[in-house]
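Step one of this worksheet: look at the structure below.
Note on naming: letters A, B, ... go to the chains in the order of the sequence lines (proteins, then strands), and numbering restarts at 1 for each one.
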Amino acid sequence: MKNEEISKILYEIGEYLGVKEIQFKPRAYEKAGYSIENLEEEVSEIYEKGGFKAVEDIPGVGVSIAKKIEELVKTGHLKYYEKLKKSLPVKIDELSSIEGVGPKMILKLYKKLKVKDINDLEKAAKTGKIAEIAGLGKKTEEKILKGIEFLRQSGNRFLLGLILPRVRLIENRLRNLKEVDRVAIAGSIRRMQETIGDLDILVASKKPEKVMDFFISMPEIAHVYSRGDTKTMVRLKNGLDADLRVVPDRSFGAALQYFTGDKRHNITLRILAGKRELKLNEYGLWRGKKLIAGRTEEEIYESLGMAAPPPEIRTDSGEIQAALKNKLPQIIDYRGVKGDLQVMTNWTDGENSIEEMALAAQETGLEYIVITDHTKSLAMTGGLDEKKLLKQIAEIDKLNLKFKIKNLKFRILKGAEVNILKDGSLDIKDEVLARLDVVGVAVHSHFNLSRNEQTKRIVKAMRNKNADILFHPTGRLIQKRAPYDVDVEEIIKTAKETGTILEVDADPHRLDLKDEYIRKAVSAGVKLAIDTDAHSKNSFHYLEFGVAQARRGWAKKDDIINTRPWREMLKLLK
DNA sequence: GCCGTTTTCGGCCCGACTGTTTTCAGTCG
């Protein structure tokens with residue numbers, strides 16, 4: 001049984017216990033579920049290797065939950081869970097995913113109307129039965145119907161890369177408003193998560209009514225859920241929910257800290273404050289009624305005895321402890337990347353010529369790019385064979401000469417995105433690969449091999465003495481395609497052993513490697529490259545998302561090879 | 001049910017908004 005399934009069951013148990021109005025246990029199960037969801041290793045493997053004790057060592061898992069996990073791993077099911085489901089036969093995860101529907105309402109709806117799932121709920125709402133229940137009303141009924149509709153049409157989250165330009169537009173518009181003293185985007189966007197659920201905007205102002213008026217009159221607004229002087233919630237036309245909070249300037253830092261999250265980070269921080277007889281809320285850090293800090297985030301963290309961890313790593317996974325010991329990692333800076341090691345051109349499936357790509361890269365501040373068109377077995381892109389590759393090498397030599405004459409300080413390096421065949425061999429001859437500056441290798445077919453076969457295949461490719469970088473190592477497309485089944489631990493091990501670089505693909509649809517694997521690779525001493533995988537001259541700004549991904553994986557400048565000038569970068573390759 | 005540089009027992013984040021039960025419970029973030 002996979003971690004994903006185990007954590008889902010633990011979450012569900014938490015929800016059942018919540019509906020049954022049992023105290024504190026729901027959060028214990030939720031915590032354990034979260035912990036397991038974010039484990040790098042499979043619980044089944046942990047159990048196999050270290051037994052019951054090792055499972056109990058997982059944070060948030062004690063004797064009781066460890067026993068349940070043991071039963072799940074051993075038998076594939078859990079009697080306790082089955083019993084809960086029988087005692088309250090409702091699709092609890094389904095119902096609680098509806099906006100406005102919580103444990104209390106689920107219980108009421110089941111007791112009065114025998115509502116078991118979304119379809120029952122929709123029927124009950126449409127026939128006006130919900131409004132008849134004491135404590136509920138017409139508006140609740142409407143809200144439920146709206147919630148169901150939303151869940152059906154756009155239940156998923158938004159890709160950060162697709163939403164960020166629009167968000168910055170709104171941010172700048174607010175910044176230019178004279179009633180606005182300070183503005184910031186908080187939440188998952190500030191943490192630069194791969195996908196975001198909603199938009200949290202924070203404003204410091206002495207005239208909140210004016211700010212709210214302006215906000216709800218913006219052209220992007222589709223619907224206003226609620227409007228207050230401190231908090232307004234809206235739905236944007238693109239389907240994104242947005243919250244605007246207005247706070248006094250003296251509380252701006254506290255609010256920014258609070259709304260940036262994530263939730264676990266904040267809970268741990270508040271408990272820490274409590275232990276020092278302080279109270280932390282979105283208005284500040286307090287000793288009794290005395291405001292200790294609140295104007296800036298920095299002064300809040302400082303008053304708690306630490307530097308502020310970068311938002312990207314605020315996940316309560318060691319950053320607070322590191323900060324308390326003054327050992328926060330110096331993670332890579334957003335301007336730290338000097339070159340792009342995966343760039344496509346119109347020689348295959350890119351839109352622009354080599355020269356156009358080079359000039360566009362230079363405009364965004366890069367010092368060099370590697371041209372990495374596809375190779376011959378990727379027929380749909382018109383992949384290059386040995387002969388064409390040699391021709392491209394000659395073309396790049398010419399362009400570099402041209403740049404030199406023009407006194408342009410920019411270097412185009414020669415490379416390829418070489419296709420890994422089913423058996424792990426490469427589709428370009430070694431003697432031609434040897435003439436390239438950078439050889440990227442990648443899987444583009446046979447995604448459905450068994451874990452063992454897929455891992456062996458990729459490991460074999462990595463062992464090729466010309467294979468410098470493994471591009472988009474797990475092949476996932478966020479919200480579209482799951483990663484292929486591969487043992488990433490083994491890939492990391494092989495990377496270390498062979499000196500193969502692992503890529504952090506910055507394309508917002510890929511962001512591959514994932515943050516947890518980046519952290520793992522970094523701590524194993526494996527070097528990484530952040531590449532845009534650009535197929536057009538307009539895609540170099542993807543670098544930001546790649547850097548964000550690397551930051552979330554605690555990667556430092558030194559861990560990323562293309563933070564170096566190109567000559568030094570090349571020295572780190574095989 | 002979990003956890004501990006206050007604790008192996010006694011705690012568990014906390015404030016805003018809505019709807020409805022006119023003084024507050026439920027939900028959310």
Side-chain angles (χ1 to χ4, degrees), chain A residues 10 13-35 56-69 80 95-109 130-144 146-147 186-188 191 196-202 208 212 224-234 241-247 251 254-255 257-286 305 316 321 324-325:
Chain A
L10 293 175
I13 291 175
E15 291 188 34
Y16 277 116
L17 297 173
V19 170
K20 287 170 172 279
E21 302 189 274
I22 291 165
Q23 295 290 298
F24 306 114
K25 287 190 190 185
R27 243 198 80 204
Y29 277 94
E30 186 197 338
K31 238 177 159 173
Y34 178 84
S35 183
E56 214 196 312
D57 279 345
I58 299 169
V61 176
V63 177
S64 179
I65 292 183
K67 273 187 189 157
K68 294 182 173 74
I69 291 172
Y80 177 71
L95 289 172
S96 56
S97 66
I98 300 165
E99 172 89 11
V101 177
K104 298 281 152 57
M105 203 186 286
I106 290 175
L107 187 64
K108 213 177 244 183
L109 289 168
I130 289 175
E132 291 168 10
I133 299 176
L136 305 176
K138 200 79 206 149
K139 292 216 170 159
T140 307
E141 202 165 78
E142 279 164 24
K143 194 175 177 188
I144 285 172
K146 273 199 165 168
S188 52
R191 300 198 314 277
I196 59 152
D198 63 5
L199 166 59
D200 296 300
I201 310 169
L202 202 62
M212 294 307 186
V224 179
Y225 292 116
S226 66
R227 182 208 194 276
D229 278 350
T230 61
K231 180 181 178 183
T232 289
M233 298 167 75
V234 302
D241 282 340
D243 292 359
L244 173 64
R245 313 283 296 226
V246 179
V247 299
S251 296
Q257 192 289 316
Y258 173 68
F259 290 111
T260 296
D262 71 3
K263 193 174 169 182
R264 320 264 150 188
H265 177 90
N266 285 352
I267 290 175
T268 300
L269 212 59
R270 284 184 175 195
I271 291 170
L272 189 79
K275 283 180 183 160
R276 298 176 185 198
E277 309 212 317
L278 300 168
K279 190 177 78 171
L280 181 61
N281 61 24
E282 59 257 57
Y283 296 105
L285 183 65
W286 309 81
D316 193 22
Q321 293 81 341
L324 283 170
K325 288 184 201 147

inquiry  = Between dT21(B) and dG15(B), how many Å separate the two P atoms, rounded to a whole number?
reply    = 27 Å
request  = For Asp241(A), check salt bridge (charged side-chain N to carboxylate O under 4.0 Å, His left out) against everything at least two apart and list the hits.
outcome  = Arg235(A)
request  = Using modelled atom types only, decide if a donor and an acceptor are shared between the side chain of Thr232(A) and the backbone of Leu244(A) within a distance under 3.5 Å.
outcome  = no
note = Residue set satisfying side chain to side chain contact (heavy atoms under 4.5 Å, CB included) with Ile271(A), at least two apart, ordered chain then number -> Ile267(A), Lys275(A)
request  = Take atom CG of Asp57(A) and atom P of dC2(B), then tell me their distance rounded to the nearest Å.
outcome  = 13 Å
Which residue lies more 5' along DNA chain B, comparing Arg227(A) with Gly60(A) via nearest heavy atoms = Gly60(A)
request  = Inspect the contact between Lys138(A) and Glu141(A) and indicate whether a charged nitrogen and a carboxylate oxygen are less than 4.0 angstrom apart.
outcome  = yes
inquiry  = When you measure from the side chain of Glu282(A) to the backbone of Tyr258(A), do you find a donor-acceptor pair of N or O atoms at a distance under 3.5 Å?
reply    = no
query = Tell me, which pairs form a salt bridge (Lys or Arg N to Asp or Glu O under 4.0 Å) where one or both residues lie in residues 17-30 of chain A, sequence neighbours left out?
reply = Glu21(A)-Lys104(A), Glu30(A)-Arg264(A)
inquiry  = Taking the C1' atom in each of dC3(B) and dT8(B), what is the distance between them to the nearest angstrom?
reply    = 9 Å
task = Scan every strand shown for a Watson-Crick or G-U wobble partner of dT8(B), both distances under 3.5 Å, and answer none if you come up empty.
result = none
Whole-Å distance separating the NZ atom of Lys25(A) from the P atom of dC3(B) = 15 Å
key: Separation between the C1' atoms of dC12(B) and dT6(B), rounded to whole Å   = 16 Å
Side chain to side chain contact (heavy atoms under 4.5 Å, CB included) partners for Lys231(A), two or more places apart = Met233(A), Asp243(A), Arg245(A)
query = How does each nucleotide of nucleotides 19-26 of chain B score, in 5' to 3' order, for protein heavy atoms under 4.0 Å: base (B), sugar-phosphate only (S), or none (-)?
reply = SSB----S
request  = Summarise protein proximity over nucleotides 10-16 of chain B in one line of letters, 5' to 3': B for base, S for sugar-phosphate only, - for none, counting protein heavy atoms closer than 4.0 Å.
outcome  = --BBSSS
Separation of the P atoms in dC28(B) and dT22(B), to the nearest angstrom = 23 Å
key: Rounded distance in Å between the C1' positions of dA16(B) and dG10(B)   = 30 Å
query = What is the distance, rounded to the nearest whole Å, between atom CG of Leu244(A) and atom P of dC17(B)?
reply = 11 Å
message = Can you check the distance between dC13(B) and dC2(B), where both ends of the measurement are the P atom (answer in whole Å)?
response = 16 Å
ask   = With a cut-off of 6.0 Å (strictly less than), are more than 12 heavy atoms of other residues, nucleotides or ligands near NZ of Lys31(A)?
value = no
key: Atom-to-atom span, CD1 of Ile201(A) to C1' of dG29(B) - whole angstrom   = 15 Å
query = Atom CD1 of Ile69(A) and atom C1' of dC2(B): how far apart are they, to the nearest Å?
reply = 13 Å
key: Length of the line joining His265(A):NE2 and dG29(B):C1', which is rounded to integer Å   = 16 Å
inquiry  = So Ile98(A), base contact, sugar-phosphate only, or nothing? Heavy-atom distance under 4.0 Å.
reply    = sugar-phosphate
inquiry  = Just N and O in the side chain of Ser226(A): are any of them under 4.0 Å from OP1 or OP2 of dC17(B)?
reply    = no
request  = Rounded off to whole Å, could you give me the CZ-to-C1' distance for the Arg264(A) and dC2(B) pair?
outcome  = 13 Å
note = 5'-most contact on DNA chain B (nearest-nucleotide basis), Asp241(A) vs Leu17(A), goes to Leu17(A)
task = Could you check how far NZ of Lys275(A) sits from P of dT7(B), rounded to whole Å?
result = 10 Å
query = Are OP1 or OP2 of dG1(B) and a side-chain N or O of Lys68(A) less than 4.0 angstrom apart?
reply = yes
ask   = Are the side chains of Trp286(A) and Leu278(A) in touch, meaning some heavy atoms are under 4.5 Å apart?
value = no
query = Between Asn266(A) and Leu269(A), is there a donor-acceptor pair closer than 3.5 Å when you use the side chain of the first and the backbone of the second?
reply = no
